[in-house]
Amino acid sequence: MAAVRVEEVLAAAEEQEAEKRRSITVEKELELEFDLGNLLALDRNPPAAAGLRGAGPQREALLRALARDNTQLLATRLWELPAERAGGAGGPLVARLPEPTFRLPREKPPPRPRPPTRWEQFARLKGIRRRKRTSLVWDEQAKEWRRRWGYKRAGGDPARAWLAEVPAGADPEEDQFARLRREKRERVARNELNRLRNLARAHRAGAAGPAAPLHPTGHQSREELGHVARVARVSTASLGRFQPRLPKEPAEPPSRNGGRKRRFEPLLGNLAAERSRQLELLRDMGSKKPVLDITRAVNKQLRQEEAEAAAAKGKKQSQRGKRGRRQQRVGRSGKKSGARRQQQRPAGSSTGTSSGGRRKKA
């Protein structure tokens with residue numbers, strides 16, 4: 001076994017100590033600019049141009065060393081901040097960061113503030129302030145803590161009680177339980193209507209910007225979601241041909257109006273199929289017998305029969321109406337003439353013999 005000299009051991013220990021000190025000591029020609037609020041460090045020192053040329057391992061090693069040194073400087077500045085123990089003496093050591101000085105750009109615009117509801121506008125006008133109340137209250141009947149509102153609330157639902165008090169001035173024969181259930185349904189419907197109105201008002205208020213194409217209630221049907229997806233797809237210049245597809249979306253991209261997209265035959269394709277189509281077209285053009293479309297002919301005949309039946313029905317109704325008006329005019333004229341004759345006839349006269357036995361002359 002070779003003997004180890006003491007000088008070599010001491011030299012190795014000093015080298016290890018210097019390596020440890022070098023790992024936390026970084027020297028820069030220009031000091032870095034720090035923004036500890038954003039944990040940001042800006043290094044304005046120019047890197048070595050010779051080491052950044054190419055894409056070999058030397059460049060990767062230089063970039064790693066540069067990132068490591070800058071991170072060490074940022075960590076050193078963080079340890080200079082006042083620190084405290086979080087959660088007691090045994091908690092982790094945390095530092096209180098200062099206010100950020102560098103304004104970072106946002107990826108998306110900030111959200112618009114929600115428009116106030118009618119109740120919020122009324123409360124602001126009247127100076128009503130919202131007071132925070134506990135969600136649990138003591139129920140004297142059940143002798144336990146229960147929710148203030150909702151299922152199994154304190155005091156119970158009056159519509160589910162076994163006894164209902166008849167109000168003063170009410171009909172004693174009226175079912176009070178049915179009245180309570182009806183009033184509860186009316187309150188629920190009124191609250192839901194107010195909620196929908198607030199949503200619609202907020203939807204109209206946000207129409208000045210990029211309005212959401214979905215329904216304001218938030219419950220979208222399958223047709224609405226399909227319409228939104230179709231509009232979003234065809235909004236591109238290629239009408240959605242190069243857009244990534246959803247898992248269950250059809251392969252054919254939809255058109256702008258949502259109908260069937262026209263398909264054109266390729267210019268270079270099956271020559272035999274094209275020759276057969278052209279020959280069939282020439283055969284139809286040269287034939288003296290016109291081509292009969294059975295479906296179109298049957299539909300035309302059905303429409304003609306329906307039109308004739310409707311015309312005959314309307315004619316019968318008009319004739320019936322004329323006959324009724326004629327009879328009505330005849331009846332009215334007979335009544336009027338009879339009344340006129342009664343007025344002209346004397347009181348003691350009649351159509352037959354008079355009381356004195358004399359016959360009236362014609």
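Each residue takes its place number in the sequence, starting with 1.
- For the residue pair Asp35 / Asn38, a side-chain donor-acceptor distance below 3.5 Å is found, with atom types taken as modelled.
- In terms of heavy-atom proximity, Leu74 sits nearest to Leu39 at CD2-O, 3.8 Å.
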Verdict with supporting geometry, Lys28 and Asp43, side chain to side chain contact (heavy atoms under 4.5 Å, CB included): CA-CA 9 Å; Lys28 292 282 186 177; Asp43 187 5; 3.3 Å; yes

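- Within 6.0 Å of CZ on Arg96 lie no more than 12 heavy atoms contributed by other residues, nucleotides or ligands.
- Distance check, rounded to the nearest 0.5 Å: CH2 of Trp119 to CD1 of Ile128 gives 4.0 Å.
- Closest of all the heavy-atom pairs between Pro116 and Gln121 is O-NE2, 3.6 Å.
- For the atom pair Glu99 CD and Leu97 CG, the distance stands at 9.5 Å (nearest 0.5 Å).
- Under the 4.5 Å side-chain heavy-atom criterion for grouping Ile, Leu, Val, Met, Phe, Trp and Tyr, Leu81 is connected to Leu32 within one hydrophobic cluster.
- For Arg179 and Gln176, the side-chain atoms include at least one donor-acceptor pair closer than 3.5 Å.
- Taken to the nearest 0.5 Å, the CG atom of Leu42 stands 9.5 Å off from the CZ atom of Phe34.
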Derivation and outcome, side chain to side chain contact (heavy atoms under 4.5 Å, CB included), residues Arg190 and Leu193: CA-CA 5 Å; Arg190 185 167 57 252; Leu193 179 60; 5.7 Å; no

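- Side-chain atoms of Asn45 come within 3.5 Å of backbone N or O of Leu30 as a donor-acceptor pair.
- In terms of hydrophobic clustering, with Ile, Leu, Val, Met, Phe, Trp and Tyr side chains grouped at heavy-atom distances under 4.5 Å, Phe177 and Val166 are assigned to different clusters.
- Using a cutoff of 4.0 Å between basic side-chain nitrogens and carboxylate oxygens, Glu183 and Arg185 are not scored as salt-bridged.
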Residues Gln278, Arg275; criterion side-chain hydrogen bond (donor to acceptor under 3.5 Å, both in side chains); working and verdict: CA-CA 5 Å; Gln278 297 295 338; Arg275 182 170 58 253; over 6 Å; no

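- Here Lys126 does not pair with Glu120 in a salt bridge; the nearest charged N to carboxylate O distance is not below 4.0 Å.
- Residue Glu7 places its CD atom among more than 12 non-hydrogen atoms of other residues, nucleotides or ligands, all under 6.0 Å distant.
- The ring pair (Phe, Tyr, Trp, His ring centres under 6.0 Å) check on Trp138 picks up Trp145, with sequence neighbours excluded.
- Counted by atom type alone, Gln72 and Thr76 present one or more donor-acceptor pairs between their side chains at under 3.5 Å.
- In this structure, Lys143 pairs ionically with Glu140, as a charged nitrogen and a carboxylate oxygen lie closer than 4.0 Å.
- Using a 4.0 Å cut-off between charged side-chain N and carboxylate O, Glu80 and Arg77 make a salt bridge.
- Other residues, nucleotides and ligands contribute at most 12 non-hydrogen atoms within 6.0 Å of the CD atom of Glu31.
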Step-by-step side chain to side chain contact (heavy atoms under 4.5 Å, CB included) determination, Arg148 to Thr134: CA-CA 8 Å; Arg148 188 181 298 272; Thr134 58; 3.6 Å; yes

Steps toward side chain to side chain contact (heavy atoms under 4.5 Å, CB included) verdict (Val94, Glu84): CA-CA 6 Å; Val94 296; Glu84 59 183 8; 4.1 Å; yes

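- Cluster annotation: Leu36 and Leu73 are assigned to the same hydrophobic cluster (Ile/Leu/Val/Met/Phe/Trp/Tyr, side-chain heavy-atom contacts under 4.5 Å, transitive).
- With salt bridges taken as basic N to acidic carboxylate O contacts below 4.0 Å, none links Glu192 and Arg187.
- To the nearest 0.5 Å, atom CD of residue Gln141 and atom CZ of residue Arg146 are 8.5 Å apart.
- For the atom pair CZ (Arg277) and CG (Leu279), the distance works out to 11.0 Å, reported to the nearest 0.5 Å.
- Summarising the geometry, atom CD belonging to Gln58 is positioned 10.5 Å from atom CG belonging to Leu63; distances are rounded to the nearest 0.5 Å.
- Proximity of a side-chain donor or acceptor of Arg153 to a complementary backbone N or O of Arg147 within less than 3.5 Å is not detected.
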